[in-house]
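Presented below is the structure to which this report refers.
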Amino acid sequence: MRKNVFAGCFVLACVIILSACAGFQWQVYSLPVDADLSVSPEAAPLDNPLKGFMPYYDQDFNFPCSLEWFYVPMNAIMDGPSSFTFDSGIEPLLDDIAGRGHQAVFRVYLDYPDLETGIPAFILSDIATNTYTDYGGGISPDYDDEDLIGPVEDLIEELGRVYNGDPRIGFITIGILGFWGEWHTYPHDDWFASRDTQLRVITAMNDAFPDTEILLRYPGHKADGISTGYHDDSFAYETLPEEDWSFLQIMADSGEINAWKTKPIGGELYPDIQADIFNLLPPLNSENYTKCVEQTHASWLLNYEVFESFPSWSSAKQERAENGAAKLGYTISVKHIQIGNSGTGLSVACRFINTGVAPFYYRWPVTIKVLDAAGNTVAEKNADWDITTILPGDSGYDFSAEIEWDIPASGEYTLGISVDNPMEGGKPLVFANDESTRDGKTLMIDFTL
């Protein structure tokens with residue numbers, strides 16, 4: 001007579017990472033039937049995908065990360081009407097970043113102060129411009145000139161045709177307009193794009209990238225009926241709602257304060273405070289970092305200084321920086337798991353909780369496998385589990401699946417549950433449990449029939 005799958009002994013296995021030469025080693029704990037798994041948010045790796053601190057793509061990697069940032073000038077990827085140079089201007093960057101198992105965040109710009117213009121030559125000769133000396137100087141174009149905005153729309157359409165849904169790309173900030181593509185020309189406010197031009201850029205990006213998350217600098221620029229994420233490029237400096245121009249105040253005034261539930265929030269830790277924000281006494285001109293993270297629900301921040309200086313910081317400052325990175329984004333763990341015999345196979349039920357500040361924003365595939373003692377897959381199921389629905393602060397989210405399997409009378413097996421990064425070589429999403437593994441099977445349960 002076949003034994004019920006609940007019969008016998010259950011053990012919970014977690015992988016602990018030893019030295020490079022030692023590789024992986026199992027450490028086994030007893031797990032009673034239907035027991036709650038212990039939740040250990042601090043066990044989540046700092047380089048979990050699509051969250052945390054982010055460097056420029058060409059920096060040293062002295063701090064764990066899963067994302068890398070780059071700017072790209074328009075003239076590097078478009079050199080004539082309907083003539084695009086992605087193979088030389090963007091492909092090498094995406095491939096280089098993906099080769100490290102990371103995903104890219106980027107922005108296209110026309111005008112980057114203190115750098116040569118990003119406006120393609122075939123456009124620059126036909127449009128009016130303003131020359132300035134602020135921030136190191138540059139050339140600000142007439143953003144409303146059709147000879148500019150028309151090719152911009154063509155570029156965005158082609159970018160979407162080629163790169164929408166590309167797993168090498170985590171997020172794209174809308175860019176294009178303003179100094180640094182940051183949607184302002186302060187202190188020359190009258191140089192900025194008209195509302196019509198703003199809407200054309202936002203609409204073009206929305207249409208081009210239905211499957212890749214895009215982020216806008218200022219909530220006040222949003223277009224009716226279009227949903228985007230947002231990036232705060234003065235994070236922990238002009239974030240908290242104490243002034244009319246603060247990020248959170250603009251979010252509130254625009255009715256976007258809860259946008260984070262479905263769309264990502266990112267940004268840049270304000271450059272002037274990056275070196276000292278994790279001191280025991282942070283800079284006087286900085287805001288409370290933890291409050292900024294909790295109230296914005298930010299998932300990622302450009303923070304080049306931590307990648308430059310981390311090894312030289314004291315151990316206490318390093319710990320504060322690591323805690324700061326860990327606070328960003330999701331922290332998903334398995335609170336409860338049940339395994340049963342459905343009569344036609346194995347039934348699996350999981351309760352997930354999110355103790356972070358944001359959800360995970362992509363519906364990555366979830367795979368459930370049963371492995372025999374030799375590591376061979378004997379049953380497999382692509383579970384229709386939408387992990388983007390696991391919001392922070394709730395008691396839990398329940399998912400279940402049934403795996404077709406002719407359950408044998410006896411034997412030792414492993415149940416593996418993984419959230420699969422669609423990018424080849426990309427970092428797996430690791431659950432914040434001691435039981436998490438780093439081989440893609442982010443939860444593994446050994447059981448004996």
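- Scored by the side chain to side chain contact (heavy atoms under 4.5 Å, CB included) test, Ser246 finds Pro241, Gln249 as partners (sequence neighbours excluded).
- Partners of Pro151 under the side chain to side chain contact (heavy atoms under 4.5 Å, CB included) rule, at least two apart in sequence or in another chain, are Met74, Met78, Phe122, Ile123.
- You'll find the side chain of Ile77 reaches within 4.5 Å of the side chain of Val72, heavy atoms only.
- Glu256 and Tyr230 share a side-chain donor-acceptor pair at under 3.5 Å.
- Partners of Thr296 under the side chain to side chain contact (heavy atoms under 4.5 Å, CB included) rule, at least two apart in sequence or in another chain, are Phe235, Thr239, Phe247, Leu248, Ile265, Ala298.
- Judged as a side chain to side chain donor-acceptor pair (under 3.5 Å), not a single pair has a partner in residues 48-58 (not counting sequence neighbours).
- Among residues at least two apart or in separate chains, there is no salt bridge (charged side-chain N to carboxylate O under 4.0 Å, His left out) pair with a member in residues 307-325.
- Side-chain contact between Ile337 and Leu443 is present, with at least one heavy-atom pair separated by less than 4.5 Å.
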side-chain contact (heavy atoms from CB on, under 4.5 Å) between Ile387 and Val419: does it pass, once the steps are laid out?
CA-CA 9 Å; Ile387 61 171; Val419 179; 3.5 Å; yes
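- Remark: aromatic rings of His102 and Phe61 are close, center separation under 6.0 Å.
- Residues meeting the ring-ring contact (aromatic ring centres under 6.0 Å, His included) test with Tyr289, sequence neighbours left out: Phe278.
- Annotation for Gly170 and Tyr362: closest pair O-OH, 2.5 Å, computed over non-hydrogen atoms.
- Listed for the His231 side chain is no donor-acceptor partner under 3.5 Å among the backbone atoms of Gly266.
- At a threshold of 4.5 Å between non-hydrogen side-chain atoms, the residues Phe171 and Leu67 count as touching.
- For the residue pair Thr344 and Glu402, a side-chain donor N or O sits within less than 3.5 Å of a side-chain acceptor on the partner.
- Although no hydrogens or angles enter the test, the distance criterion places a donor-acceptor pair under 3.5 Å between the side chain of Ser66 and the main chain of Leu50.
- Residue pairs meeting the salt bridge (charged side-chain N to carboxylate O under 4.0 Å, His left out) criterion with at least one member in residues 90-109, sequence neighbours excluded, are Glu68-Arg100, Glu91-Arg168, Asp95-Arg168, Asp96-Arg100, Arg107-Asp233.
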Decide side-chain contact (heavy atoms from CB on, under 4.5 Å) for Leu429 and Phe360; before the verdict, give the C-alpha distance in whole Å, the side-chain angles of both, and the deciding distance to 0.1 Å.
CA-CA 10 Å; Leu429 190 160; Phe360 188 81; 3.6 Å; yes
Working note: Ile273 + Asp276, criterion side-chain contact (heavy atoms from CB on, under 4.5 Å); need CA distance, chi angles, decisive distance, verdict.
CA-CA 6 Å; Ile273 64 174; Asp276 301 318; over 6 Å; no
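- Considering all non-hydrogen atoms of both residues, Ile353 and Ser395 come closest at CG2-O, 3.4 Å.
- In this structure, Ser312 contributes its side chain and Ser309 its backbone to a donor-acceptor pair below 3.5 Å.
- In plain terms, the two heavy atoms of Ala383 and Ala401 that are nearest each other are CB-CB, 4.4 Å.
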In residues 202-212, what donor-acceptor pairs under 3.5 Å come from side-chain atoms, sequence neighbours left out?
unit_1: Thr203; atom_1: OG1; unit_2: Leu199; atom_2: O; d: 2.7
unit_1: Asp211; atom_1: OD2; unit_2: Asn164; atom_2: ND2; d: 2.8
unit_1: Thr212; atom_1: OG1; unit_2: Gly165; atom_2: N; d: 2.8

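- Classification of the Tyr71-Trp69 ring pair by plane angle, with boundaries at 30° and 60°, yields perpendicular.
- Closest approach of Tyr361 to Ala358, counting heavy atoms only: OH-CB, 3.6 Å.
- Remark: Glu404 CD is loosely packed, at most 12 non-hydrogen atoms of other residues, nucleotides or ligands lying under 6.0 Å away.
- With 3.5 Å as the limit, one finds a donor-acceptor pair spanning the side chains of Thr367 and Asp420.
- Every side chain to side chain contact (heavy atoms under 4.5 Å, CB included) that Ala326 has, sequence neighbours left out, goes to Leu46.
- Taking 4.5 Å as the limit, every side-chain heavy atom of Asp111 sits out of range of all side-chain heavy atoms of Glu182.
- One N or O on the side chain of Gln274 and one on the backbone of Glu305 form a donor-acceptor pair closer than 3.5 Å.
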Apply the test side-chain contact (heavy atoms from CB on, under 4.5 Å) to residues Leu110 and Asn75: give CA-CA distance (whole Å), side-chain angles for both, the deciding distance (0.1 Å), then the verdict.
CA-CA 8 Å; Leu110 294 169; Asn75 58 13; over 6 Å; no
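- A donor-acceptor pair under 3.5 Å links the side-chain atoms of Glu287 to the main chain of Leu240, judged by distance alone.
- Side-chain N or O atoms of Asn433 include none that pairs as donor or acceptor with a backbone N or O of Ser333 at under 3.5 Å.
- With sequence neighbours left out, the ring-ring contact (aromatic ring centres under 6.0 Å, His included) criterion links Phe70 to Phe106.
- Between Val378 and Lys369, every side-chain heavy-atom pair lies at or beyond the 4.5 Å cut-off.
- Taking every heavy atom of both residues into account, Pro49 and Gln103 meet most closely at CB-OE1, 4.3 Å.
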Tell me, with the steps shown, if Glu294 and Lys291 meet salt bridge (Lys or Arg N to Asp or Glu O under 4.0 Å).
CA-CA 5 Å; Glu294 291 174 348; Lys291 286 185 179 179; over 6 Å; no
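- Residues passing the ring-ring contact (aromatic ring centres under 6.0 Å, His included) test with His297 are Trp260, sequence neighbours excluded.
- You'll find the side chain of Leu415 reaches within 4.5 Å of the side chain of Leu346, heavy atoms only.
- Between the side chain of Trp183 and the backbone N or O of Leu216, no donor-acceptor pair lies under 3.5 Å.
- Aromatic rings of Phe352 and Phe399 (six-membered ring for Trp) have centroids within the 6.0 Å cut-off, being under it.
- Residues meeting the ring-ring contact (aromatic ring centres under 6.0 Å, His included) test with Tyr270, sequence neighbours left out: Tyr237.
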Pair Lys335, Asp398 - check salt bridge (Lys or Arg N to Asp or Glu O under 4.0 Å), show working.
CA-CA 10 Å; Lys335 182 178 181 180; Asp398 295 330; over 6 Å; no
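- Looking at Tyr397 and Trp385, their side chains never come closer than 4.5 Å, going by heavy atoms from C-beta outward.
- In this structure, the side chain of Glu158 does not engage the main chain of Phe84 through any donor-acceptor pair within 3.5 Å.
- The ring of Phe307 has its center no closer than 6.0 angstrom to the ring center of Tyr304.
- The line from CD1 of Ile169 to OH of Tyr163 is 7.0 Å long, rounded to the nearest 0.5 Å.
- A donor-acceptor pair is defined here as one N or O able to donate and one able to accept, closer than 3.5 Å; no such pair exists between the side chain of Asp60 and the backbone of Asn62.
- Using the six-membered ring where Trp is involved, Tyr218 and His221 have ring planes that are perpendicular, over 60° apart on the 30 and 60° scheme.
- Summarising the geometry of Phe53 relative to Gly324, their closest heavy-atom pair is CZ-C, 3.9 Å, with the distance given to 0.1 Å.
- For the pair Leu159 and Val108, the minimum side-chain heavy-atom distance is below 4.5 Å.
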